[in-house]
Visitor: 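This structure is in structure tokens; I'll ask about it shortly.
One-based numbering along the sequence shown.
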Amino acid sequence: MEKKNRSRADKSGFQRARETRRNPPSSSNSWKFRPPARKEPHAAVEQSSDPSSSIRERSHNDGNLYSPNAPALVGTCPDMCPEKERAQRERLRDLAVFERLDGNLARTSPGLAVKKVKFHIISHKKLGRCCGKSDVSSLCYLNMEQLMKCLLSLFDMYDINQRSKSIGKNAAEFYSFYVLLHLGYKIPKMGDSLSFWYSQLALPILQSKEMCFARSLLRYSQVGNYKRLFSTIAAEASDLQLCLLEPFLNEVRGQALSYISYSSYKLQPYPLRDLCKILMIKEADLESLCYECGLETSTDEGGSKFLPAKQTSFRLPKPGFQSYSLFNSEKNHR
């Protein structure tokens, strides 16, 4: 009995959901909701604080989740299967409870892929702002993997639409996300080269302002034109593009610090105040970033801070280091 319980616990939620769909619960099945056991008054008070208790009571009154009188459940988890399989099960009226749109047995949400991409991009930004937690770097990596998988699935759907001469309203922006991901130095391997990937895109997508923006940033980063890179981000980035870029900005800033330290004249340290304007970051945050990159700063008699040149201890910021948003001392920061 203990071995059976353990094997059942080892099954994934997807496997259990599929078994449930193959064998719907009957009135004699153990999956049927049973009335809760009678408890002491103080225990009843504790149970009433559970927000899911009302759902369990309504489900019990209506029989079970498959009853036509059961309340509509709204799923919050991502897709449990590929889009083609979900579409087929939608036609066969074989959708799981949490895949149904407004509780309808024969309807699901085709826009879920776009919502998933947005979710992972916003999570990418919020995880980048978390610092001092041991599991942040692993969560960032896993979230990035899921983001790229969702993007590739979305591109497959866009490709099918393009065959019918139809291009999504925001397709160019979502294609630009894939290019912007290449600004990160510590992301999972992408696969095909960008030049080959560009050759597979439709011309309207390739010439869109969103793709031109993303390709320009990548070019500025490769040639070391960091002033132009940050000013372009501040002027042209959409909200979602900025969310995606923010955790990468420290890596780009770190690379800029490396170039400045290596190429500057040793007897003329670089003023942090001028660096702040180029890299669009507060002076205190820039000083913290210098220390994170293994670079020391100096202070003159007037209290101004500088970055000494020719330092050999440079390193890129470690995963999990807090990301800093764009800051312009002359305007509001984004």
Visitor: Is Tyr262 atom OH crowded by more than 12 heavy atoms from other residues, nucleotides or ligands, each under 6.0 Å away?
Guide: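 Result for OH/Tyr262: open.
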Visitor: To the nearest 0.5 angstrom, please state how far the OG atom of Ser298 sits from the CG atom of Leu307.
Guide: 8.0 Å
Visitor: So, the side chain of Ser261 versus the backbone of Leu257: is there a donor-acceptor pair under 3.5 Å, distance only?
Guide: no
Visitor: Just verifying a value: how many Å separate Leu272 CG and Asp285 CG, rounded to the nearest 0.5 Å?
Guide: 12.0 Å
Visitor: Identify the heavy atoms of Gly224 and Tyr259 that sit nearest to each other, and give their distance.
Guide: CA-CE1, 4.4 Å
Visitor: Is the distance from the ring center of Phe119 to that of His124 below 6.0 Å?
Guide: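 So the answer is no for these two rings.
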Visitor: What is the minimum heavy-atom distance between Met280 and Ser231, and which atoms define it?
Guide: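 Looking at all heavy atoms of both residues, the shortest contact is CE-CA, 3.9 Å.
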Visitor: Starting from the C-alpha separation in whole Å, work towards a yes-or-no answer on side-chain contact (heavy atoms from CB on, under 4.5 Å) for Ser123 and Gln146.
Guide: CA-CA 11 Å; Ser123 299; Gln146 293 302 314; over 6 Å; no
Visitor: So, do Ile205 and Tyr158 sit near enough that their side-chain heavy atoms are less than 4.5 Å apart?
Guide: no
Visitor: More than 12 non-hydrogen atoms from neighbouring residues, nucleotides or ligands closer than 6.0 Å to CD on Gln200, yes or no?
Guide: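 Counting neighbours around CD of Gln200, more than 12 heavy atoms of other residues, nucleotides or ligands fall under 6.0 Å, so yes.
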Visitor: Quick one, Leu326 with Leu242, criterion side-chain contact (heavy atoms from CB on, under 4.5 Å). Give me CA distance, side-chain angles, the key distance, then yes/no.
Guide: CA-CA 9 Å; Leu326 292 183; Leu242 192 60; 4.0 Å; yes
Visitor: Can you confirm whether Leu194 sits close enough to Leu218 that some side-chain heavy atom of one is under 4.5 Å from a side-chain heavy atom of the other?
Guide: yes
Visitor: Could you tell me whether the side chain of Tyr198 reaches within less than 4.5 Å of the side chain of Val179, counting heavy atoms only?
Guide: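 Val179 reaches Tyr198 side chain to side chain.
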Visitor: Check whether any side-chain heavy atom of Tyr178 sits under 4.5 Å from a side-chain heavy atom of Trp197, and report yes or no.
Guide: yes
Visitor: Test side-chain contact (heavy atoms from CB on, under 4.5 Å) on Phe327 and Ile281; report intermediate values, then the result.
Guide: CA-CA 5 Å; Phe327 178 81; Ile281 185 174; 5.5 Å; no
Visitor: Kindly work out whether a path of hydrophobic side-chain contacts (I/L/V/M/F/W/Y, heavy atoms less than 4.5 Å apart) joins Phe306 to Leu289.
Guide: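 Hydrophobic grouping puts Phe306 apart from Leu289.
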Visitor: Restricting to pairs with a member in residues 201-229, which pass salt bridge (Lys or Arg N to Asp or Glu O under 4.0 Å), not counting sequence neighbours?
Guide: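 Found none.
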Visitor: Assess whether atom OH of Tyr265 is packed by more than 12 heavy atoms of other residues, nucleotides or ligands within 6.0 Å.
Guide: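 No, not enclosed.
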Visitor: Do you know which of Pro271, Ser288, Cys276 makes side chain to side chain contact (heavy atoms under 4.5 Å, CB included) with Glu283?
Guide: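 Output: one option passes, namely Cys276.
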Visitor: What side-chain hydrogen bond (donor to acceptor under 3.5 Å, both in side chains) pairs are there with at least one residue in residues 303-317, not counting sequence neighbours?
Guide: Glu287-Lys305
Visitor: Who passes side-chain hydrogen bond (donor to acceptor under 3.5 Å, both in side chains) against Ser195, sequence neighbours left out?
Guide: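 Ser195: side-chain hydrogen bond (donor to acceptor under 3.5 Å, both in side chains) contacts with Ser193.
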Visitor: Would you check if there is a donor-acceptor pair between the side chains of Tyr175 and Ser208 at a distance under 3.5 Å?
Guide: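 Distance-only check fails for Ser208 and Tyr175.
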Visitor: Heavy atoms only: give me the nearest Tyr291-Leu295 pair and the separation to one decimal.
Guide: CD2-O, 3.4 Å
Visitor: Between Pro247 and Leu127, is there a side-chain heavy-atom distance shorter than 4.5 Å?
Guide: no
Visitor: Please examine the side chains of Cys293 and Ser258, heavy atoms only from C-beta on, and report whether any two atoms are closer than 4.5 Å.
Guide: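 Not in contact.
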Visitor: Quick check: does any side chain N or O of Arg253 sit under 3.5 Å from a backbone N or O of Tyr324, one acting as donor and the other as acceptor?
Guide: yes
Visitor: Calculate, to the nearest 0.5 Å, the distance between atoms OH and CG belonging to Tyr220 and Leu183 respectively.
Guide: 12.5 Å
Visitor: Which distance, rounded to the nearest 0.5 Å, do you find between the OH of Tyr226 and the CG of Leu279?
Guide: 9.5 Å
Visitor: Identify, with sequence neighbours excluded, every residue that meets side-chain hydrogen bond (donor to acceptor under 3.5 Å, both in side chains) alongside Ser323.
Guide: none
Visitor: Would you check if the side chain of Ser221 reaches a backbone N or O of Leu217 as a donor-acceptor pair within less than 3.5 Å?
Guide: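 No, the answer is negative, given that no donor and acceptor are paired below the 3.5 Å cut-off.
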Visitor: Starting at CD of Gln241, measure out to CZ of Phe174 and round the result to the nearest 0.5 Å.
Guide: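 The CZ atom of Phe174 is 10.5 Å from CD of Gln241, to the nearest 0.5 Å.
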Visitor: Side-chain heavy atoms under 4.5 Å apart, restricted to Ile/Leu/Val/Met/Phe/Trp/Tyr: what other residues fall into the cluster of Phe196, or is it alone?
Guide: none
Visitor: Stepwise, does the side-chain contact (heavy atoms from CB on, under 4.5 Å) test hold for Lys125 with Arg129?
Guide: CA-CA 7 Å; Lys125 173 184 176 180; Arg129 291 189 174 184; 3.4 Å; yes
Visitor: Taking C-beta and beyond as the side chain, do Phe248 and Leu181 meet within less than 4.5 Å on heavy atoms?
Guide: yes
Visitor: Nearest 0.5 Å, what's the CG-CD1 distance between Leu245 and Ile233?
Guide: 5.0 Å
Visitor: Please report the shortest heavy-atom distance between Phe230 and Ile278, naming the atom on each side.
Guide: CB-O, 3.6 Å
Visitor: Report the residues that fulfil side-chain hydrogen bond (donor to acceptor under 3.5 Å, both in side chains) with Asn143, sequence neighbours left out, ordered by chain and then residue number.
Guide: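 By the side-chain hydrogen bond (donor to acceptor under 3.5 Å, both in side chains) rule, Asn143 matches His120.
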Visitor: Is the shortest side-chain heavy-atom distance between Gln207 and Leu203 below 4.5 Å?
Guide: yes
